[in-house]
There are 2 protein chains.
Amino acid sequence: MSAAARATRTGAAPVRERRVRARNERRILKAAEEEFDRYGFGGARMQRIADRAGLPKANIHYYYRNKQALYNAVLADIVAIWNAAFDLISPDDDPAEALAAYIRTKMEYSRTHAAAARIFTGEIMRGAPNLGEYLRGDLRTWVAERAAVIRRWQGAGRIDQVDPHHLIFLIWSATQHWADYAAQIAALSNRKSLARADYDAAAESLVRIILKGCGLAPR
Amino acid sequence: MSAAARATRTGAAPVRERRVRARNERRILKAAEEEFDRYGFGGARMQRIADRAGLPKANIHYYYRNKQALYNAVLADIVAIWNAAFDLISPDDDPAEALAAYIRTKMEYSRTHAAAARIFTGEIMRGAPNLGEYLRGDLRTWVAERAAVIRRWQGAGRIDQVDPHHLIFLIWSATQHWADYAAQIAALSNRKSLARADYDAAAESLVRIILKGCGLAPR
DNA sequence: GTCTATAGTTAGATAGAC
DNA sequence: GTCTATCTAACTATAGAC
């Protein structure tokens with residue numbers, strides 16, 4: 001019996017083996033994220049994921065039962081980061097400051113987590129076959145809470161009477177665009193890729209237009 | 001030798017056969033659009049496209065050499081409709097009216113051509129491997145011309161000094177969102193699908209926020 | 001836990017009769 | 001131009017030695 005098998009029985013894997021597992025899972029998830037981003041679920045190849053991760057293909061199946069399970073793990077990762085990153089916006093905040101900060105944070109996410117952002121869009125575009133629970137659960141709660149905050153701001157006359165959901169979707173779409181459409185933006189500006197300054201400038205344009213569009217002073 | 005083969009040699013196919021060809025190509029393209037939308041290029045299956053079109057699989061290959069050629073035909077269709085639909089915006093237009101009309105038209109496109117819109121997004125997200133020429137050609141010209149119009153408006157003090165490209169991308173993303181993220185919007189509002197009224201209301205919110213955000217009076 | 005070899009299955013593409 | 005049968009390649013997944 002192997003050390004790992006013994007450890008599983010006793011419920012405590014040796015530290016070294018847990019570390020190997022953690023490192024390999026990280027490598028595989030990273031490689032899978034790149035592959036699913038570039039080719040979509042149907043176009044992704046387990047062999048290429050293995051090559052990117054620097055492991056034999058069989059090892060991918062050792063850690064993840066099948067392609068679907070690996071894809072679900074990548075999605076879970078994306079949703080976890082998403083949940084952790086966007087706890088902003090409470091009723092006591094200044095509306096202009098809170099919205100400006102949210103736009104800038106979301107844009108930064110599009111820049112630093114572009115592949116994750118695109119995989120998320122791909123999943124939603126296919127009808128969210130693996131994220132229905134998340135959309136109808138955590139995300140719906142999040143949206144309802146933020147919409148309530150915006151309505152309280154509106155009740156206090158601190159922001160224009162725009163549909164809170166429409167405002168949230170506007171911010172999501174305008175920032176997400178810089179991940180999903182990065183290739184188009186680069187092609188239109190005759191460049192190979194976008195720089196940090198491009199995202200920063202775009203975020204400032206969005207802050208300016210959206211805040212003013214809601215009757216708020218610039219921040 | 002068949003009538004078709006004879007006709008090909010003489011350069012004039014009989015009317016009936018041309019009609020059969022046109023009808024079948026339309027059916028196949030429609031079925032392919034649905035399939036590529038639902039599953040992406042890699043996940044699309046020629047057999048399902050054939051089933052949707054009500055034809056044997058071999059016939060799909062008779063009209064389109066392979067899967068890639070069929071996908072390219074679908075993309076060409078999408079780009080053609082796109083080019084035909086958005087010739088709006090000239091320097092003599094009233095900025096508020098022109099932008100409002102563009103937002104409403106683009107939103108209508110997201111509603112009535114949702115599958116096409118999503119396939120386009122998917123292609124761009126994969127790095128636009130089959131649309132580089134279009135992006136660097138027709139689309140770049142289109143964007144440059146519209147940006148020039150916006151700059152003339154700005155020179156005449158008719159609209160705020162916002163980056164014209166950022167404004168165009170904002171309108172594209174905010175309207176495109178209602179095609180790409182329809183599943184998420186429906187899930188968040190606990191409904192199975194979106195109605196025309198949803199798109200219309202969203203368009204009016206966007207017109208209101210974006211026009212005001214650019215220093216324009218509502219239209 | 002790692003890796004080679006391969007089983008098993010699917011799907012794109014084609015041959016050839018009609 | 002249509003359709004059935006089939007070829008072939010590619011890919012997911014697993015068996016089993018180490």
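Predicted, not measured: the structure shown is a model, and the values here were computed from it. By convention in this document, chain letters (A, B, ...) are assigned in the order of the sequence lines, proteins followed by strands, and residues within each chain are numbered from 1.
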| Geometric class of the A/Phe169/A/Trp172 ring pair [parallel <30°, tilted 30-60°, perpendicular >60°] | tilted
| Looking only at side chains, do B/Asp163 and A/Ser205 share a donor and an acceptor under 3.5 Å apart? | no
| query | How would you label the contact of B/Tyr63 with the nucleic acid (heavy atoms, under 4.0 Å): base, sugar-phosphate, or nothing? | reply | sugar-phosphate
| said: Using a 4.0 Å heavy-atom cut-off, does B/Ala44 contact any base of the nucleic acid, only the sugar-phosphate backbone, or nothing at all? | reply: sugar-phosphate
If only side-chain N and O atoms of [X] are considered, is one of them under 4.0 Å from the OP1 or OP2 phosphate oxygen of [N]?
X       : N      : answer
B/Arg21 : D/dG1  : yes
A/Arg45 : D/dA10 : no
A/His61 : D/dA13 : yes

| message | How about CZ on A/Arg38, more than 12 heavy atoms from neighbouring residues, nucleotides or ligands closer than 6.0 Å, or not? | response | no
[atom1] of [X] versus [atom2] of [N]: gap in Å, rounded?
X       : N      : atom1 : atom2 : value
B/Tyr62 : C/dG16 : OH    : P     : 18 Å
B/Glu35 : C/dA11 : CD    : P     : 10 Å
B/Leu70 : C/dA11 : CG    : P     : 16 Å
A/Ile28 : C/dG1  : CD1   : C1'   : 12 Å
A/Met46 : D/dT14 : CE    : C1'   : 12 Å
B/Ile60 : D/dT4  : CD1   : P     : 13 Å
A/Asn66 : D/dC11 : CG    : C1'   : 14 Å
A/Arg27 : C/dT2  : CZ    : C1'   : 13 Å

| request: Please report the shortest heavy-atom distance between B/Arg118 and B/Ala179, naming the atom on each side. | output: NH1-O, 3.0 Å
| field | Closest to side chain of B/Val20, choosing from D/dA13, C/dT14, D/dG1 | value | D/dG1
| Between D/dT2, D/dT12, C/dT2, which one does the side chain of B/Asn24 approach most closely? | D/dT2
| field | Residues B/Glu108 and B/Arg104 bridged, charged N to O under 4.0 Å | value | no
| task | Mind running a 4.0 Å heavy-atom check of residues 47-59 of chain A against DNA chain C and sending the residues that fall below it, in number order? | result | A/Pro56, A/Ala58, A/Asn59
Quiz: residues 128-137 of chain B side-chain donor-acceptor pairs under 3.5 angstrom, not counting sequence neighbours:
residue, atom, partner, partner atom, Å
B/Asn130, OD1, B/Gln68, NE2, 3.1
B/Asn130, ND2, B/Glu123, OE1, 3.4

| Does the cation-pi check pass for B/Arg27 over B/Tyr63, that is, NZ or CZ under 6.0 Å from the six-membered ring centre and within 45° of its axis? | no
